[in-house]
Asker: 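Okay, here's the structure, questions in a sec.
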Amino acid sequence: MNFRTAIAPLPALERNRNLFLSLINESTTLSHLAQAHAQIVVNGYKNDISTVTRLTHKLCDLKAINYARDLFLSVPKPDLFLFNVVIKGYSNNNSPRSSISLFTHLKKNTDLRPDNFTYFFAISASSGFPDEKVATLLHSQAIVDGFGLDLFIGSALVDLYLKFSKVEFAKKVFDEMPERDTVLWNTMISGLVKICCFEDSVLVFKDMVADAEIQLDSTSLAAVLPAAGELQQLRLGMGIQSLATKLGLHSHVHILTGLISFYSKCGDTETASLLFDQIDRPDLVSYNAMISGYTCNNETDSSLRLFKELLAFGERANSSTIVGLIPVFFPFGHLDLTLCIHCFCVKSGVVSNPAISTALTTVYSRLNEIELARQVFDESTEKSLASWNAMISGYTQNGLTDAAILLFQNMQTFKVQPNPVTVTSILSACAQLGALSLGNWVHDLVKREGFHSNIYVMTALIDMYAKCGSIVEARRIFDSMQEKNVVTWNSMICGYGLHGHGKEALDLFTKMLQFGVSPSGVTFLSVLYACSHAGLVTEGDRIFHSMVHDHGFEPLPEHYACMVDIFGRAGKLEKALEFIKRMPVEPGPAIWGALLGACMIHKETRLAHLASKRLFELDPENVGYYVLLSNIFSVDKNYPQAASVRQVVRRRSLAKTPGCTLIEVGGLPHVFTSGDRSHPQTKAIYAKLEMLMGKMREAGFQAETVTALHDVEDEEKELMVKVHSEKLAIAFGLISTEPGSEIRIIKNLRVCPDCHTATKFISKISGRDIVVRDANRFHHFKDGICSCGDYW
DNA sequence: TGAGTCAAAA
């Protein structure tokens with residue numbers, strides 16, 4: 001009993017009001033609340049605005065939104081306070097539209113003026129809309145009404161814009177705030193982390209640490225820890241840990257859990273489990289972090305042990321536990337066990353949880369069970385953005401680029417807004433497919449949505465432009481990026497390699513080292529690859545040695561294969577063989593394949609037999625080797641042998657991938673196969689081809705027949721190769737694009753020597769630049785010369 | 001006199 005009530009009892013009205021208020025506060029169920037409501041009505045308090053407001057609020061908390069609405073409507077003249085409570089109530093009960101309608105009603109039909117609370121609640125509600133349009137509208141109204149600089153509203157806006165991946169908008173709000181409190185900083189950091197802008201979030205965190213005015217709290221540290229883990233920045237994570245100790249937050253359960261996840265992502269489960277033991281009473285989230293930590297590091301026994309321990313404590317596992325546990329099985333390709341977990345999820349009803357269905361989709365696509373992945377995706381009733389992203393990237397990683405793009409378009413008809421993760425996947429699909437016009441469209445989307453500070457997105461754009469033939473545009477983006485990581489550098493170097501620009505690739509590699517960026521295995525592969533395609537033998541040799549001796553890298557089979565390729569393409573076949581013999585590891589199919597490819601270019605039959613013999617032993621399923629070998633016999637005019645190799649292929653019913661070529665005209669893709677007559681303009685295409693062949697022969701063109709697989713007469717062979725898909729695509733390009741414009745085509749296999757020579761002639765005759773992307777690299781044909789130097 | 005933002009696993 002407090003002093004005031006002791007000496008002077010409250011007036012009756014106030015005393016009763018307090019009674020009702022505490023009655024409402026203590027209610028934990030709807031029926032308690034209904035009883036309290038009855039008491040209020042009986043005692044004539046049904047028009048007491050503060051009591052009714054408290055009751056309405058509590059009803060909203062208990063999810064009785066319709067009850068709350070009826071109560072609100074029964075009040076003859078609700079004040080701003082009550083409006084605010086109901087606007088928030090709708091927002092918290094999955095009714096953002098009702099929330100915003102009420103806000104509009106308040107502005108239009110009452111003489112009340114919204115205050116900072118009203119705007120705060122309405123802006124929070126606008127996160128339930130498919131895009132940020134409602135939010136920007138409210139934002140501008142808030143500014144007009146003088147609440148633009150309110151810290152709560154500022155934080156809500158930053159949170160919201162980041163949820164819609166509008167990084168630039170969020171930054172603008174953040175920068176324009178006259179004062180920034182801890183919460184505003186935290187909102188910025190955690191929002192960036194949630195949309196995978198890890199680099200950005202770390203930069204903001206560092207700014208926050210540098211700001212002496214601002215106090216860091218456990219939220220700040222917990223927010224940035226996932227970024228440190230994703231970026232595998234061990235020093236940063238340890239820095240955060242010591243900061244936590246300095247601030248006395250080291251036993252805070254959120255921070256310990258974050259650190260467990262961090263160390264697990266860095267591969268250090270030992271430290272993670274030490275931290276786990278430091279938690280007094282680990283909760284479900286901590287268990288899940290540790291379980292998934294063990295799982296990611298393939299310590300499956302520990303995962304399962306901890307899972308059992310969790311159940312033994314009587315804790316119920318939730319969807320995240322399963323999500324963390326499912327991948328236990330896929331490093332071993334244990335499809336049956338994944339199916340088992342799937343069944344368990346179906347039986348216990350958690351399969352409708354979007355996190356679970358997303359995890360299952362991911363696991364199935366990593367097991368290359370793309371149909372099962374799609375089935376789970378289709379059956380999930382509640383699709384989150386993550387579900388869409390998992391399915392799209394599943395398609396992309398399995399090379400099903402058409403399906404990925406189709407699903408991406410489908411997602412947009414469902415009004416699901418793509419985020420940077422979606423964009424990164426879809427750009428990878430464009431890169432694989434060479435779909436430049438879709439790539440351009442996605443680039444516009446990146447600009448529109450403000451994703452251009454996302455390092456993953458920008459790196460994917462570089463890759464896309466490089467693989468779609470626009471190496472200059474790729475470099476422009478590369479140069480425009482302030483923050484680059486090793487993948488960014490790799491993509492650019494690899495792009496130069498694809499285009500045969502060996503010198504540029506080497507220059508960039510040198511620059512990368514000067515910038516202090518540590519090269520990865522992929523970096524060396526890209527540089528070696530570039531050397532190979534540009535015939536830079538000495539440089540390649542030097543880089544390989546530097547990789548082993550200066551950088552301490554253990555070469556992988558693909559590095560060895562690349563070296564064999566460098567020697568082999570340059571015609572130094574004996575040197576290549578010598579290199580293979582000196583390798584400290586047993587040469588695998590990639591290495592012999594590289595040698596065989598080189599033998600093919602240089603028509604070296606003796607070594608080809610050796611290489612192919614090894615290949616048949618190591619990789620009997622791969623058709624490519626049979627084709628190469630058969631071609632080599634054909635070169636020697638040893639047709640019976642060539643035929644017998646082809647028979648092996650037929651007997652084992654190994655199918656050769658049919659060659660096809662894609663060309664985009666007017667933003668539409670046209671695909672041609674060899675001898676194709678299905679195109680609506682077939683007649684004109686073949687006529688153009690006839691005309692070209694005539695002019696080419698006049699200019700001295702002779703058909704190269706080496707790769708024609710059949711031992712028929714030369715003249716007949718000429719007829720067969722001249723309708724290769726690339727020739728059809730080029731002919732179509734010539735008749736359907738502006739004179740003088742560049743022609744770009746994409747071939748799924750390596751371009752054959754005949755088409756290569758023919759394209760050189762065509763580029764000269766037609767005065768067109770022709771860019772050909774084949775399975776290995778780019779060829780830029782100009783004025784009768786190819787950028788590859790006939791060397792591919 | 002009844003209302004408010006950010007945080008750990010997936």
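Order of the sequence lines sets the chain letters (A, B, ...), proteins ahead of strands, with each chain counted from 1.
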Asker: Under the criterion of centre distance below 5.5 Å and interplanar angle below 30°, is A:Phe152 classified as stacked on the base of B:dG4?
Answerer: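 One would call A:Phe152 stacked on the B:dG4 base.
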Asker: Going by ring-ring contact (aromatic ring centres under 6.0 Å, His included), A:Phe276 matches just one of A:Tyr287, A:Tyr294, A:Tyr263. Which one?
Answerer: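 Of the listed options, the one satisfying the test is A:Tyr287.
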Asker: Which nucleotide wins on minimum distance to the side chain of A:Lys194, given the candidates B:dG2, B:dA7, B:dA9?
Answerer: B:dA7
Asker: Can you figure out which of B:dA8, B:dA3, B:dG2 approaches the side chain of A:Asp283 most closely?
Answerer: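 Of the candidates, B:dA8 comes closest.
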Asker: Nearest of B:dT5, B:dA10, B:dC6 to any side-chain atom of A:Asp181?
Answerer: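 For A:Asp181, the side-chain atoms sit closest to B:dT5.
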Asker: What's the closest nucleotide to the A:Val183 side chain, out of B:dC6, B:dA7, B:dA9?
Answerer: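 Selected nucleotide: B:dC6.
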Asker: Identify which nucleotide among B:dA7, B:dG4, B:dT1 has an atom closest to any side-chain atom of A:Phe120, counting heavy atoms from C-beta outward.
Answerer: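 Nearest nucleotide to the side chain: B:dG4.
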Asker: What nucleotide among B:dA8, B:dG4, B:dC6 has an atom nearest to a side-chain atom of A:Ser286?
Answerer: B:dA8
Asker: Out of B:dG4, B:dA9, B:dG2, which nucleotide sits closest to the side chain of A:Phe81?
Answerer: B:dG2
Asker: Please state whether the rings of A:His139 and A:Tyr161 are parallel, tilted or perpendicular, taking 30° and 60° as the class boundaries.
Answerer: tilted
Asker: Please state whether the phosphate of B:dA10, meaning OP1 or OP2, lies under 4.0 angstrom from any side-chain nitrogen or oxygen of A:Ser292.
Answerer: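 So the side chain of A:Ser292 is within the cut-off, an N or O lying under 4.0 Å from OP1 or OP2 of B:dA10.
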Asker: If you check the A:Arg54 side chain, which of B:dA8, B:dA10, B:dA3 turns out closest?
Answerer: B:dA3
Asker: Tell me whether the centres of the aromatic rings in A:Phe205 and A:Trp185 are closer together than 6.0 Å.
Answerer: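 Aromatic pair excluded; centres sit 6.0 Å or further apart.
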Asker: Taking only residues two or more places apart in sequence or in another chain, which ones pass side-chain contact (heavy atoms from CB on, under 4.5 Å) with A:Val183?
Answerer: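 Here the qualifying residues are A:Ser155, A:Asp181, A:Thr187.
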Asker: To the nearest angstrom, how far is A:Lys163 atom NZ from B:dT5 atom C1'?
Answerer: 10 Å
Asker: Using whole Å, report how far CG of A:Asp61 lies from C1' of B:dG2.
Answerer: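 Atom-to-atom, A:Asp61 to B:dG2, this comes out as 13 Å.
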Asker: Is any side-chain N or O of A:Asn84 under 3.5 Å from a base N or O of B:dG2, one able to act as donor and the other as acceptor?
Answerer: no
Asker: Starting from C1' on B:dA8, measure out to CD on A:Gln278 and report it in whole angstrom.
Answerer: 15 Å
Asker: Give A:Ile87 one of three labels, base, sugar-phosphate or nothing, depending on what nucleic acid heavy atoms sit under 4.0 Å from its own.
Answerer: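 A:Ile87: no heavy atom of the nucleic acid under 4.0 Å.
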Asker: Which part of the nucleic acid, if any, lies within reach of A:Thr187 when heavy atoms closer than 4.0 Å are counted: base, sugar-phosphate only, or nothing?
Answerer: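 A:Thr187: backbone/sugar contact only, no base atoms under 4.0 Å.
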Asker: In chain order, what residues pass the side-chain contact (heavy atoms from CB on, under 4.5 Å) check against A:Gln39, with sequence neighbours excluded?
Answerer: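 Residues passing side-chain contact (heavy atoms from CB on, under 4.5 Å) with A:Gln39: A:Phe20, A:Leu23, A:Asn43.
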Asker: Look at all strands and tell whether A:Asp115 reaches a base, only sugar-phosphate, or nothing, counting heavy atoms closer than 4.0 Å.
Answerer: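 Base contact - A:Asp115 has a heavy atom under 4.0 Å of at least one base atom.
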